[in-house]
Amino acid sequence: MSKPEFLDQKLHGQLQVATRYGAEFGHATHLLPVMAVELPRLIGQYPVFLVKQPETGEFLLAAMTGFGADENLFLEGEAWTASYVPLHIRRGPFSVSQREAEGQVFLAPQINREDSRVGTTGEALFDAAGEATPYLTEMNSVLATLVDAGPKTKALIQALVDNQLIEIVKLDVSFKDGSRMRFDNLYSIKQEAVLGLSADKLAELNAVGHLRDAYFILASLSQVSNLIDRKEASL
């Protein structure tokens, strides 16, 4: 069980992090949570869908990386074979949590020292002067982006729900070995509903970037064929 600790140069000054990927870190899954801010980078490599969380029924954005529950076609050993790695994967053993100090509550970075990537080999967190290394600075930037992107992603999804712009996608794929797979739990943008919006509503959604993001999600569906190619190359 993980026990994240708030980053502290005195406690973690000698720690290093191996920048690798693998099933042991939860990367072997066919749907990865992503943020709206990532859509411009995601759509060139991954199909992006909306999926319902079974516990709450709420939607979240997810990049599709495979066709089986434990399949990630972008994961080869300890390497990630796409040029863009989603933020939730890039953050590695780091997370963010509320911290209280001197009567103030704020968000602060944490590290999970029980993660097998954390040890004495890899990327150092602090330099000889006790300052954050470029690697740690990058990880802090990733965490800050995730914190900032969370509410914006929820706002996008809420706008899509409120304007009835989401529809279920019946994804039925077949492979060269004769096998077939069908997905009935994926959702995307209902283009006809977008086109049917009033000029005022279109302007409202466009002003906050939701219209652009809706079309990014639609455009990403073209990557399903590339994902099929990755699957067939592995058969």
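Along the sequence shown, residues are numbered consecutively beginning with 1.
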**Prompt:** Looking only at atom types and distance, does a side-chain atom of Glu38 sit under 3.5 Å from a main-chain N or O of Leu87, one as donor and one as acceptor?
**Reply:** yes
**Asked** When you measure from the side chain of Ser141 to the backbone N and O of Thr137, does any donor-acceptor pair fall under 3.5 Å?
**Response** no
**Message:** Between Glu167 and Ser188, do the side chains contain a donor N or O and an acceptor N or O under 3.5 Å apart?
**Reply:** no
**Carboxylate-amine/guanidinium contact Arg113 Asp115, below 4.0 Å** = no
**Request:** Report yes or no: does Gln223 contribute a side-chain atom to a donor-acceptor pair with the main-chain N or O of Pro47 at less than 3.5 Å?
**Result:** no
**Asked** Any sub-3.5 Å donor-acceptor pair from Gln104's side-chain atoms to Ala101's backbone N or O?
**Response** no
**Asked** Just by distance, do the side chain of Thr133 and the backbone of Leu125 share a donor-acceptor pair under 3.5 Å?
**Response** yes
**Item:** Heavy-atom side-chain contact between Leu205 and Val194 under 4.5 Å
**Value:** no
**Request:** Please confirm whether Tyr46 and Tyr84 have ring centers closer than 6.0 angstrom.
**Result:** no
**Request:** On the 0 to 90° scale, with breaks at 30° and 60°, tag the Trp80-His27 ring pair as parallel, tilted or perpendicular.
**Result:** perpendicular
**Item:** Pair Lys154 + Glu58, salt bridge at N-O below 4.0 Å
**Value:** no
**Request:** Assess whether atom CD of Glu232 is packed by more than 12 heavy atoms of other residues, nucleotides or ligands within 6.0 Å.
**Result:** yes
**Prompt:** In terms of heavy-atom contacts, does NZ of Lys231 have more than 12 from other residues, nucleotides or ligands at under 6.0 Å?
**Reply:** yes
**Asked** Donor-acceptor pair, Glu138 side chain versus Pro134 backbone, under 3.5 Å?
**Response** no
**Item:** Side-chain ion pair, Asp8 and Lys10, N-O less than 4.0 Å
**Value:** no
**Message:** Please tell me whether Phe49 and Tyr187 form a close aromatic pair, meaning their ring centres lie under 6.0 Å apart.
**Reply:** no
**Request:** Measure the shortest side-chain to side-chain distance between Leu50 and Ile157 over non-hydrogen atoms and say whether it is less than 4.5 angstrom.
**Result:** yes
**Message:** Is there a salt bridge (charged side-chain N to carboxylate O under 4.0 Å, His left out) between Arg182 and Asp184? Walk through the geometry before answering.
**Reply:** CA-CA 7 Å; Arg182 181 179 177 86; Asp184 298 311; 3.1 Å; yes
**Asked** Got a donor-acceptor contact below 3.5 angstrom from the Gln45 side chain to the Ser83 backbone?
**Response** yes
**Request:** Answer yes if the side chains of Asp200 and Ser198 hold a donor-acceptor pair under 3.5 Å, and no otherwise.
**Result:** no
**Prompt:** Charged N to carboxylate O below 4.0 Å: is that the case for Lys201 and Glu204?
**Reply:** yes
**Prompt:** Just checking, Arg180 and Phe175: is the charged tip under 6.0 Å from the six-membered ring centre and within 45° of the axis?
**Reply:** no
